[in-house]
Amino acid sequence: MLMNSLLKVCFTLCLLIAGTALSAATPNVLFIAVDDLNDWIGSLGGHPQTKTPNFERLAKSGVLFTNAYCAAASCNPSRTAIFSGRPPHRSGLYQNMQKMREVMPEAELLPRYFSRHGYWSAGSGKMLHYVIDPPSWNDYFPDKAKDDPFPHTFYPKQRPVNLPRAGDWQYVETDWAALEVSDEEFGGDWSVTKWIGEQLGRAHEKPFFLACGLYRPHEPWFVPKKYFEPFPLETIQTGPGVQEGDLDDVPPLGQKLGRNRYFAHIQAHGQWKKGIQAYLASIHFADAMLGRVLDALETSPHRDNTIVVLWSDHGWHLGEKEHWQKFTGWRACARVPLMVRVPRGAAGLPEGTQAGSVCSRPVSLVDLFATLTELCGLPAKTDIESRSLVPLLRDPAAAWPHAALTHLDDPGNYALSTERWRYIHYRDGGEELYDIQTDPHEWTNLASKPEHAEKLAEMRLLAPKEIVPVHESQPGINTFVAELELAPLIGAEPPNSKADGQRVTLLFQNHRQTTTKLVWLDQTGARHAYGEVKGASRRLMKTYSGHTWLLLDENDKPLGHIVAPEKPARIKIQ
Ligand SMILES: [Ca+2]
Ligand SMILES: [Ca+2]
């Protein structure tokens, strides 16, 4: 009995020592994020004019994944999934406006997990969605205390420079320009990579987890002029994925998602090619910044003992499917660059990666958490849903019977990717199916073709069985400062809903003692009951700007109507 207990104590102690003592087999990690970069890098072949020698240099030195997908098609849920190891359908964080720490207050993020296991964790630039989350890091540049991941960046005084403002719906940073400044004067990613280079160049007592967040090619596409020079406007080609009428075979919700207002606005102002030029220039700039980091690592004492991982949080449309921006399930948005280089001697892969490897298995960025803990010999984190990619780093052709899941902002909207097939599902049951082997730009939706019914049924089965709904830590009351007056109905019908609005949340505050009924008018004016707001209570309602809501009292007598605005607003019902 006593002997047994002693053995148990010894065993536990051994485990503790194994868990904390770090040997030469414990590599450093250089974790590089690029914001809003689609497949327009040379090795992924997304655009023939792109200039990305440093992305190629890194890709050729390790494993390039050609079918890597983000866990969600926008910044916040994609990045939160990577850092927490929990995809949206496990965490409930699906949208950019959700606050990570409201949704998962206790989650131990990747850098914190590494520092608890003996690492020094530090970063600079955008890793999480516009926050640092200071408790997760040992150090952060420029200032961990301010919880602001961005160093000073040059902006033109007069804005917009090129793309006129069309209204409140337009993201204020959707604009582009060549700047008459040097890299150093521009600051931003130049300052981030300077600091990262300094960390790579010095001695460290502990192994490091060092995160470098490059913000370009995120909007605004303002970069120093020299990065525009290789792309004269008259030579600019539109992307190879653009096909006229491409949305014709896409279900209604997909069409709605595709035809957002940006692309029409950009075309109306003759800015399409200018936008493409500026995106190429912004990628070229990001490539140069990546080159600074790779150069610093080359001359660093840690060169031969550092894992390098590079990923982008999601892709980007520039006119494909009449769309400009992100938030879609198509490959242009869901597929991302991912490259991993592992040096010899790493605990989880002693032989290291083979330079010049290419892996076409479908993988998800949420898998990076488990991959890195295994590579570094740390205990696997148990409360995450992340599948280690080490078998593919060892053998890029290894069997991989898994699909990658990409969420959109609603749990009912998602995309599934296998090596050859892609399936998109919308919350109203709309579906798309593509064979990317013969149709890499997803032009021909096969979902309604009888000869593909079996494949469609097979893809449906890959969807997760258990789905956590959108976490209800809704935006605080301060989000709804704008008050919207209830318009009276005087002898006329309220207007029908308009179709092209953006998603917006409204707060109905019922100051009456009795129930108010909410009725949505569709585009034909047909009325649809949408629940109620009980007396003396309030209710949040997600809708689209331009949609009409009619409010009725408990006896169906009209109280008035509203047309949803562009920004969140509250409506007092009196
Ligand atoms: Ca992003
Ligand atoms: Ca099509």
Side-chain angles (χ1 to χ4, degrees), residues 32-40 68-83 88 93-98 100 125-131 149-150 171 173-174 189 211 213-221 239-259 279 282-283 286 310-338 365 406-409 415 422-424 426 430-436 438-449 452:
I32 305 170
V34 191
D35 206 343
D36 293 8
L37 174 65
N38 62 13
D39 65 353
W40 289 17
Y69 292 89
C70 52
S74 55
C75 306
N76 188 26
S78 172
R79 288 165 183 261
T80 300
I82 292 166
F83 275 87
L93 193 148
Y94 292 84
Q95 300 164 0
N96 265 350
M97 73 188 296
Q98 290 177 280
M100 180 185 72
K126 186 171 157 191
M127 296 309 293
L128 293 162
H129 191 53
Y130 298 113
V131 296
F150 296 105
Y171 179 47
E173 305 285 29
T174 304
D189 291 335
L214 299 179
Y215 193 42
R216 291 292 178 279
H218 191 287
E219 298 173 308
W221 296 337
V242 177
Q243 194 200 49
E244 206 168 327
D246 193 5
L247 286 176
D248 292 352
D249 59 354
V250 165
L253 274 179
Q255 293 192 356
K256 184 173 171 56
L257 205 60
R259 284 192 191 106
Y279 188 63
S282 297
I283 293 171
L310 180 143
W311 50 273
S312 164
D313 58 352
H314 51 77
W316 188 272
H317 288 248
L318 293 96
E320 297 83 3
K321 298 214 167 32
E322 300 176 44
H323 190 76
W324 194 276
Q325 254 196 11
K326 42 201 172 187
F327 309 116
T328 80
W330 294 299
R331 217 170 171 227
C333 185
R335 182 178 176 231
V336 291
L338 171 64
L365 295 182
T406 302
H407 284 283
L408 305 185
D409 68 346
R422 295 201 75 247
Y423 168 78
I424 300 177
Y426 297 101
E431 293 176 306
E432 295 168 52
L433 179 71
Y434 298 101
D435 176 355
I436 55 171
T438 57
D439 181 19
H441 301 299
E442 301 176 319
W443 287 338
T444 308
N445 179 10
L446 304 171
S448 61
K449 305 268 190 272
H452 294 291

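Every number for a ligand or one of its atoms is a count from 1 in the order of the listing.
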Exercise. Closest to the Ca ion (ligand 2), which N/O/S atom of D249 is it?
Worked result: OD1
Problem set entry | OD1 (D313) to the Ca ion (ligand 1) to OD1 (D36) angle, given to the nearest 10 degrees | 100°
Exercise. At the Ca ion (ligand 1), what is the angle formed between atom OD1 of D35 and atom NE2 of H314, rounded to the nearest 10°?
Worked result: 150°
Exercise. So F150 and Y130, would you call those rings parallel, tilted or perpendicular, with 30° and 60° as cut-offs?
Worked result: tilted
For this session: Please state whether the rings of W443 and H441 are parallel, tilted or perpendicular, taking 30° and 60° as the class boundaries.
Result: tilted
Problem set entry | Contact flag D246/the Ca ion (ligand 2), N/O/S atoms, threshold under 3.0 Å | yes
Exercise. Can you tell me if an N/O/S atom from G245 lies under 3.0 Å from the Ca ion (ligand 2)?
Worked result: no
For this session: Could you tell me whether the side chain of K126 reaches within less than 4.5 Å of the side chain of R79, counting heavy atoms only?
Result: yes
Exercise. Any N/O/S atom, backbone or side chain, of C75 lying under 3.0 Å from the Ca ion (ligand 1)?
Worked result: yes
For this session: State whether a side-chain donor-acceptor pair under 3.5 Å links E432 with Y423.
Result: no
Exercise. Does N38 use its side chain to pair, donor to acceptor, with the backbone of W316 at less than 3.5 Å?
Worked result: yes
